[in-house]
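Notes follow once the structure below has been shown.
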Amino acid sequence: MIGDSKETKECQRKDPMDLFHSGQVVKICAPMVRYSKLAFRTLVRKYSCDLCYTPMIVAADFVRSAKARDSEFTTNKGDHPLIVQFAAKEAQVLCDAARIICPFADGIDLNCGCPQRWAISEGYGACLINKPELVKDMVRHVRSQIDNPKFSISIKIRIHEDLKRTVDLCQKAEAAGVSWITVHGRSIEERHQPVHYDAIKVIKQSMSIPIVANGDIKTLKDAENVHHLTEADGVMVARGLLANPAMFAGYEETPFQCIQDWVDIALEHGTPFTCFHHHLMYMMERITSKQEKKVFNVLSSTSAVLDYLNDHYGVG
């Protein structure tokens, strides 16, 4: 489960809340299934990302199975500040997961935003925005059972059609001791519709804790615009970082040095080929021709990818 675990425990832990008190907009890598793993977090941290989330982990599996813990969560001493995102629907299960993870991470996040059918049918994810008392109970339990006052408990939500319900949910979570709230500015039903940044602003103005804006942020300029539109304390990015892991450092497209860094980090971490290759496909989307993509996207081994990068870009 834990790389360099002894060193991780002993390293000087940062309080993630300090980021929100710095006066700067906090730049955050979103939880992404399969993608926001240790190697990718290591890469984006090199390019001005302030805070990283793990992919969503089902808390019940994590608590029950050592095998699940080993496959779902790895970290090391440079992987901070780090938030572990859990899917949960029972307060004690979330507390048990938080207790296990506490020595190795800086906080946990409760997923209340995943709109996928499997999650909602299991009682996880976005259906929780319709259960404010349960969310409040889960936050309160973690707050009371984790001794470390610097260990954060946050939630990530979507919005309701009736925004008053979202504000009510957020205020209940705040009263229970939530550290901050990330708001994806779409409803459960919305996928590619424009993000309701005005709704995020209403929520921000109704709260005294930090609010993070999420949705359709592709460049650093987008991040700055969303901050101005919403007054949010932080911005969380998913696909924009997949396409350009250096975007928070101000690069308009993925620089070749970032591709080289990914190759080095992924090889060092033993990243499985499919994940290694998919990240490169995302990163090179904007800088390769259709013909180049046809060749690159069907390569089937690490050595073939390294040869291609070396031949075409002097990378590798």
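Source: prediction; values computed, not measured.
In summary, Lys204 and Asp233 engage in a salt bridge, as defined by a charged side-chain N under 4.0 Å from a carboxylate O. A salt bridge is absent between Asp162 and Arg165: the closest approach of a Lys/Arg side-chain nitrogen to an acidic carboxylate oxygen does not fall below 4.0 angstrom. Look at Lys164 and Asp168 and you find no salt bridge, because none of the NZ, NE, NH1 or NH2 atoms lies under 4.0 Å from a carboxylate O. Asp96 and Arg99 are joined by a salt bridge, as a carboxylate oxygen and a charged side-chain nitrogen come within less than 4.0 angstrom of each other. A salt bridge between Glu231 and Lys201 is present, with a side-chain N of the basic residue lying under 4.0 Å from a carboxylate O of the acidic one. Using a 4.0 Å cut-off between charged nitrogen and carboxylate oxygen, Asp216 and Arg186 count as a salt-bridge pair.
The side-chain contact (heavy atoms from CB on, under 4.5 Å) test with Met247 is passed by exactly one of Asp222, Thr254, Ile217: Ile217.
Side-chain contact check for Gln85 and Asn111: at least one donor-acceptor pair (N or O, by modelled atom type) lies under 3.5 Å.
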Using the rule given for side chain to side chain contact (heavy atoms under 4.5 Å, CB included), can you reason through Glu224 versus Val25, listing the C-alpha separation, both sets of side-chain angles and the distance that settles it, and then say yes or no? CA-CA 8 Å; Glu224 288 161 358; Val25 181; over 6 Å; no
List the steps, then state whether side chain to side chain contact (heavy atoms under 4.5 Å, CB included) holds for Met207 with Trp180. CA-CA 10 Å; Met207 310 294 293; Trp180 68 83; over 6 Å; no
For His278 and Tyr282, what are the C-alpha separation, side-chain angles and deciding distance, and is it a ring-ring contact (aromatic ring centres under 6.0 Å, His included)? CA-CA 6 Å; His278 279 185; Tyr282 279 117; 7.2 Å; no
Audit row: Leu169, Val135, side chain to side chain contact (heavy atoms under 4.5 Å, CB included) steps and yes/no: CA-CA 8 Å; Leu169 166 71; Val135 172; 4.1 Å; yes
How far apart are the C-alpha atoms of His277 and Val305, what are their side-chain angles, what is the distance that settles it, and do they pass the side chain to side chain contact (heavy atoms under 4.5 Å, CB included) test? CA-CA 8 Å; His277 190 209; Val305 167; 3.9 Å; yes
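Between Phe296 and Tyr308, the angle of the ring planes lies from 30° to 60°, which puts this pair in the tilted group. Between Phe40 and His279, the ring planes are parallel. Angles under 30° get that label, and only those over 60° would be called perpendicular.
Distance alone, capped at 3.5 Å, is enough to place a donor-acceptor pair between the Arg45 side chain and the His80 backbone.
To the nearest 0.5 Å, the span separating NZ on Lys156 from CG on Leu110 amounts to 12.0 Å.
Contacts classified as salt bridge (Lys or Arg N to Asp or Glu O under 4.0 Å) and involving residues 258-279 (residues at least two apart or in different chains) are not found.
You'll find the side chain of Asn76 reaches within 4.5 Å of the side chain of His269, heavy atoms only.
Members clustered with Val298: none, using a 4.5 Å side-chain heavy-atom cutoff among hydrophobic residues.
The ring of Phe256 has its center closer than 6.0 angstrom to the ring center of Tyr313.
For the side chain to side chain donor-acceptor pair (under 3.5 Å) test, no residue two or more places apart in sequence or in another chain qualifies with Ser121.
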